[in-house]
Amino acid sequence: MFFHPDLILYLWLCPLFFFVLLPLILSVTGFFLRLTRTFFFADPLTGREKRQHPRFIPYEGTFAEITAGDTTCTGLVCNISRLGISLKHLPDKFFDTMDELTVVIRGYGTDHNLLVKPRWILATESGQQVGAEIDTVPPGWNQFLMQTERISPSEPI
C-alpha cells in the first residue's frame with residue numbers, strides 16, 4: 001500500500017528543513033560573515049567624521065568679532081564650511097548661557113555678518129574653542145568660501 005514509515009518521515013522533515021532550519025542556518029551564517037567583515041576588514045576611515053560640506057582653513061590670522069548680548073570679544077577662525085564655523089582663543093566665561101551669537105568675519109575686503117548657534121564648546125589652554133552652526137548665511141558667503149578654498153594652502157579637512 002501507500003503507507004510507508006520512511007515516506008511519512010520525509011514528508012515531515014522536508015517542510016521543517018526548508019521553512020525552519022534552512023532560514024535559521026542562513027541567518028546565523030550571514031550574521032557571522034558580517035561580524036568577521038566588521039572586525040577583519042574594517043575601513044580605516046571609520047573614525048572619520050562624515051560631513052555634508054568640506055571644511056577649509058582660512059588664511060592665517062582670520063579674526064572674528066563675536067557678540068553675545070552686550071558682550072563682544074575677538075576670536076581666531078579655525079575652520080569654516082558652508083554651514084559651520086569653528087572659533088578659538090575665546091574667553092572662558094563668554095558662552096555660559098548664550099544660544100545665539102553674532103559673528104562678523106572680515107576677509108577679502110568684505111565683512112560677513114553671521115548668526116550662529118553654538119553646538120559644542122571645548123576648553124583649551126588658550127581659552128575656549130567653539131563649534132557653531134551657521135543659522136543665517138550672508139549673500140557673499142559662498143564667494144568667501146571659494147576664495148578661501150583657492151587661497152588655502154592645505155586641502156579641505
Common cluster, [X]/[Y], ILVMFWY with side-chain heavy-atom separation under 4.5 Å:
{"X": "L26", "Y": "F17", "answer": "yes"}
{"X": "L101", "Y": "I121", "answer": "yes"}
{"X": "V116", "Y": "L83", "answer": "yes"}
{"X": "F19", "Y": "L21", "answer": "no"}
{"X": "L22", "Y": "V28", "answer": "no"}

L90 and C73: which non-hydrogen atoms are nearest, and at how many Å? CD2-SG, 4.0 Å
Compare every heavy atom of L87 with every heavy atom of A64, then report the nearest pair and how far apart it is. CB-CD2, 3.9 Å
Between E100 and D135, is any pair of side-chain heavy atoms under 4.5 Å apart? yes
Evaluate the side-chain proximity of I66 to V130: yes if any heavy-atom separation is below 4.5 Å, no if none is. no
Calculate, to the nearest 0.5 Å, the distance between atoms [atom1] and [atom2] belonging to [X] and [Y] respectively.
{"X": "T102", "Y": "E65", "atom1": "OG1", "atom2": "CD", "result": "10.0 Å"}
{"X": "W120", "Y": "Q128", "atom1": "CH2", "atom2": "CD", "result": "10.5 Å"}
{"X": "L76", "Y": "Q129", "atom1": "CG", "atom2": "CD", "result": "9.5 Å"}

Member of N79, I80, L122 meeting the side-chain contact (heavy atoms from CB on, under 4.5 Å) criterion with S86: N79
